[in-house]
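In what follows, a structure is listed as C-alpha cells, so that the remarks can point back to it.
Hydrogens, waters and symmetry mates are skipped; everything else that's a heavy atom, side chains included, is used.
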Amino acid sequence: QVQLVESGGGLVQAGGSLRLACAASGRGTITTAMGWFRQSPGKEREFVTTMRWRGGNTYYADSVKGRFTISKGNAKNTVYLQMNSLKPEDTAVYYCAATNSYDFTDYDVGASYNYWGQGTQVTVSS
C-alpha cells in the first residue's frame with residue numbers, strides 16, 4: 001500500500017503564495033501520475049493539476065493556469081504545488097492523488113486515482 005501525506009497548507013492573504021508538498025511512502029512506487037484536487041465547503045471535489053511520471057506532461061484546470069505550478073521533488077515520489085497570486089476562491093482542502101494505473105486517460109477525474117492523501121487546508125483571505 002502507498003500512503004500520501006500532504007503538507008504546506010495555511011492562511012495567506014489574497015495575492016500571496018503557498019507551496020504544498022506531497023510525499024508517497026509505504027510499499028510500492030507511484031509509476032503513472034501524481035496530482036492535486038481540491039474541495040471547498042458545499043462544492044464537489046475538483047481537479048487542480050496532475051503530472052505524468054513518464055514524460056513529465058502536466059495538466060492544469062483553467063482556473064489555476066498561469067498561477068499554479070506542479071513539479072517533481074528530488075525525493076522519490078514527491079510532488080510540489082506552487083500556488084501564486086492566490087485568490088479567495090482558491091480556499092479549499094487540497095488533496096494529493098496518485099495512481100499506478102496503466103489505463104490513465106481521464107486525468108481530471110478523481111476515479112482515475114487510487115491513492116489519496118488526508119488533505120491540507122488552504123485559506124486565502126481577501
Does a side-chain N-to-carboxylate-O contact under 4.0 Å join Asp90 and Lys87?
no
For Ala24, is there any backbone N or O sitting under 3.5 Å from a side-chain donor or acceptor partner on Lys76?
no
Expected output: side-chain Thr91 to main-chain Val124 donor-acceptor under 3.5 Å
yes
Distance, nearest 0.5 Å, that separates [atom1] of [X] from [atom2] of [Y]:
X     : Y      : atom1 : atom2 : result
Leu4  : Ser25  : CG    : OG    : 8.0 Å
Gln82 : Arg19  : CD    : CZ    : 7.0 Å
Arg67 : Ser17  : CZ    : OG    : 10.5 Å
Thr58 : Tyr107 : OG1   : OH    : 10.0 Å
Met51 : Asn57  : CE    : CG    : 9.0 Å
Cys96 : Tyr80  : SG    : OH    : 12.0 Å

With a 4.5 Å heavy-atom cut-off, do Leu86 and Asn84 have their side chains touching?
no
Are Trp116 and Arg45 packed together at the side-chain level, in the sense that at least one heavy-atom pair is separated by less than 4.5 angstrom?
yes
Do the side chains of [X] and [Y] join up, straight or via other hydrophobic residues, at under 4.5 Å, putting them in one cluster?
X      : Y      : result
Val122 : Val79  : yes
Leu81  : Phe47  : no
Trp36  : Tyr115 : yes

Test side chain to side chain contact (heavy atoms under 4.5 Å, CB included) applied to Tyr59 and Thr50, Ile70, Asp108, the passing residue:
Thr50
Tell me whether the rings of Tyr94 and Phe68 are parallel (<30°), tilted (30 to 60°) or perpendicular (>60°).
tilted
Does a donor on one side chain sit under 3.5 Å from an acceptor on the other, for Thr32 and Asn100?
no
Applying side-chain contact (heavy atoms from CB on, under 4.5 Å), can you list everything that pairs with Glu46, at least two apart in sequence or on another chain?
Arg38
Suppose we call two aromatic rings close when their centres sit under 6.0 Å apart. Are Tyr95 and Phe37 close by that rule?
no
Would Phe104 and Tyr113 count as a close aromatic pair, with their ring centres under 6.0 Å?
yes
Do any pairs count as a side chain to side chain donor-acceptor pair (under 3.5 Å) and have a residue in residues 117-126, sequence neighbours left out, and if so which ones?
Gln121-Thr123
Who are the ring-ring contact (aromatic ring centres under 6.0 Å, His included) partners of Tyr60, not counting sequence neighbours?
none
Verdict with reasoning, Met83 to Leu20, per side-chain contact (heavy atoms from CB on, under 4.5 Å)
CA-CA 8 Å; Met83 305 184 293; Leu20 306 183; 3.8 Å; yes
To check you understand the geometry: which heavy-atom pair defines the closest contact between Lys43 and Gln39, and what is its length?
O-NE2, 3.1 Å
